[in-house]
Amino acid sequence: MKRALLLAMALAASTLTVAGATTVAEVKKKGVLVLGTDPTFAPFEFKDKNGQITGFDVDIARAVARDLGVKLQIQAVGFGALMPQSVTSGRVDMAMSAITITAERAKVVAFSNPYYRSAQVFIVKGGNPQKFTWPADVKNAAIGVQANTTGQYVADDTLKPKGAVLKVYDDFAAGLADIQAGRIVALIGDAPTVTDLQKRLPGQFQQAGKDLAAEDYGMVFAKNSDLAAAANKTLARMKANGEYHKLLDKWIVQK
């Protein structure tokens, strides 16, 4: 029974991997570019007051779809399932969710050229009541990270050896709630997210200490897919004609 189950799982995985090798021709044939994103990372991707997924990443994805002559279809996918499974399985044609380009990830997916330079930072409660600073106050500190993010990888390599107690969240919002409740001292997140939180929720959150790590975001596609080259072409066009900088002005508080 176990052997049959394992064989079935292997065959299913093989089939899904083939489906994930999406090409420009295939996308144009079906008339839709499917974007997978975790809509909890304002201002990059989030749900507006009407429940629609919007943000900086979404507008760039729309430009890619427009240049391909197809419609953009958005699927909300938790980050833990988004990278890399949703792309390698063929569930989505591309993924964008402030995804950091890393050599390890590039072994299994294809990245576009970088479209945004950011940093991993510590988010704390407004006023920093526990007076947390980095790198001074890490030992025995309860620090939150979101599953399968660069923040988790950096924390595992940098903070754990220094004695930090890491709490892993599937949902970034749950980590923010635990900051407010005092269950964790800090939550690792992207720098623009902090400034967006300060704009939307004045006084509730702030950054503490120095940046933990710098990073570049990329659009994600199936390995060897020519969609990555198409996305690079769109990105170059947007930067040349000013469209990219208009999106920066529209969405990103911290440029």
Side-chain angles (χ1 to χ4, degrees), residues 9 11-48 50-102 105-116 146-150 170-172 216-238 243-244 247 250-251:
M9 290 173 63
L11 289 172
S14 175
T15 302
L16 289 172
T17 300
V18 172
T22 309
T23 66
V24 168
E26 289 169 341
V27 167
K28 288 184 175 181
K29 183 177 180 180
K30 67 181 179 180
V32 174
L33 178 69
V34 182
L35 168 70
T37 190
D38 180 1
T40 62
F41 290 100
F44 294 94
E45 43 274 317
F46 62 99
K47 291 184 178 180
D48 63 18
N50 298 316
Q52 299 299 307
I53 299 175
T54 188
F56 183 68
D57 287 356
V58 176
D59 277 357
I60 292 178
R62 288 193 193 284
V64 174
R66 187 167 59 247
D67 285 355
L68 290 172
V70 301
K71 295 180 179 180
L72 183 71
Q73 182 183 101
I74 306 172
Q75 286 192 16
V77 185
F79 201 90
L82 182 67
M83 272 299 294
Q85 295 94 328
S86 68
V87 176
T88 57
S89 70
R91 177 178 176 181
V92 301
D93 300 318
M94 68 181 294
M96 290 184 76
S97 202
I99 300 170
T100 303
I101 299 170
T102 69
R105 286 172 172 170
K107 293 177 182 178
V108 292
V109 295
F111 280 102
S112 69
N113 292 334
Y115 69 87
Y116 189 81
Q146 188 172 22
N148 295 330
T149 62
T150 306
D170 288 326
D171 186 353
F172 192 77
D216 289 314
Y217 298 158
M219 296 174 256
V220 181
F221 304 93
K223 196 72 173 172
N224 300 318
S225 171
D226 59 352
L227 281 170
N232 287 339
K233 187 175 180 179
T234 294
L235 188 58
R237 176 189 63 74
M238 294 175 71
E243 185 179 345
Y244 175 85
L247 291 183
K250 177 182 177 181
W251 295 112

So, [X] side chain and [Y] main chain: donor-acceptor pair closer than 3.5 Å or not?
X	Y	answer
Ser225	Phe221	no
Lys29	Val24	no
Asn232	Ser112	no
Glu45	Asp38	no

State the [atom1]-[atom2] distance between [X] and [Y], to the nearest 0.5 angstrom.
X	Y	atom1	atom2	value
Asn224	Thr23	CG	OG1	12.5 Å
Thr54	Lys47	OG1	NZ	13.0 Å
Asn148	Ile99	CG	CD1	11.0 Å
Ser86	Met94	OG	CE	11.0 Å

Restricting to non-hydrogen atoms, name the atom on [X] and the atom on [Y] that form the minimum distance, rounded to 0.1 Å.
X	Y	result
Val87	Ala222	CG1-N, 3.4 Å
Val34	Arg91	CG1-O, 4.1 Å
Ala147	Asp170	CB-OD1, 3.7 Å
Thr88	Val109	CG2-CG1, 4.0 Å
Pro114	Leu235	O-CD2, 3.5 Å

Any side-chain heavy atom of [X] within less than 4.5 Å of one from [Y]?
X	Y	answer
Phe44	Trp251	no
Thr150	Arg105	yes
Leu35	Met96	yes
Ile60	Met219	yes
Thr234	Arg62	no
Phe41	Asp57	no
Tyr217	Ile101	no
Val77	Thr37	no

message: Taking the ring of Phe172 and the ring of Phe79, is the distance between their centroids below 6.0 Å?
response: no
- prompt: Excluding sequence neighbours, so at least two apart, what forms ring pair (Phe, Tyr, Trp, His ring centres under 6.0 Å) with Phe111?
  reply: none
message: Enumerate the salt bridge (Lys or Arg N to Asp or Glu O under 4.0 Å) contacts for residues 64-88, please, sequence neighbours excluded, ordered by first and then second residue.
response: Arg66-Glu243, Asp67-Arg237
query: Between Tyr244 and Tyr116, does a side-chain contact (heavy atoms from CB on, under 4.5 Å) hold up when you go through it step by step?
result: CA-CA 10 Å; Tyr244 175 85; Tyr116 189 81; 4.0 Å; yes
- prompt: Hey, mind stepping through Leu68 and Leu227 against side-chain contact (heavy atoms from CB on, under 4.5 Å) and telling me if it holds?
  reply: CA-CA 10 Å; Leu68 290 172; Leu227 281 170; 3.9 Å; yes
- prompt: Is there a side-chain contact (heavy atoms from CB on, under 4.5 Å) between Val27 and Thr22 once you walk through the steps?
  reply: CA-CA 7 Å; Val27 167; Thr22 309; 3.5 Å; yes
query: Side-chain donor-acceptor pair under 3.5 Å between Asp216 and Tyr115, yes or no?
result: no
- line: Those residues at least two apart in sequence (or on a different chain) that pass side chain to side chain contact (heavy atoms under 4.5 Å, CB included) with Asn50 are Asp48, Gln52
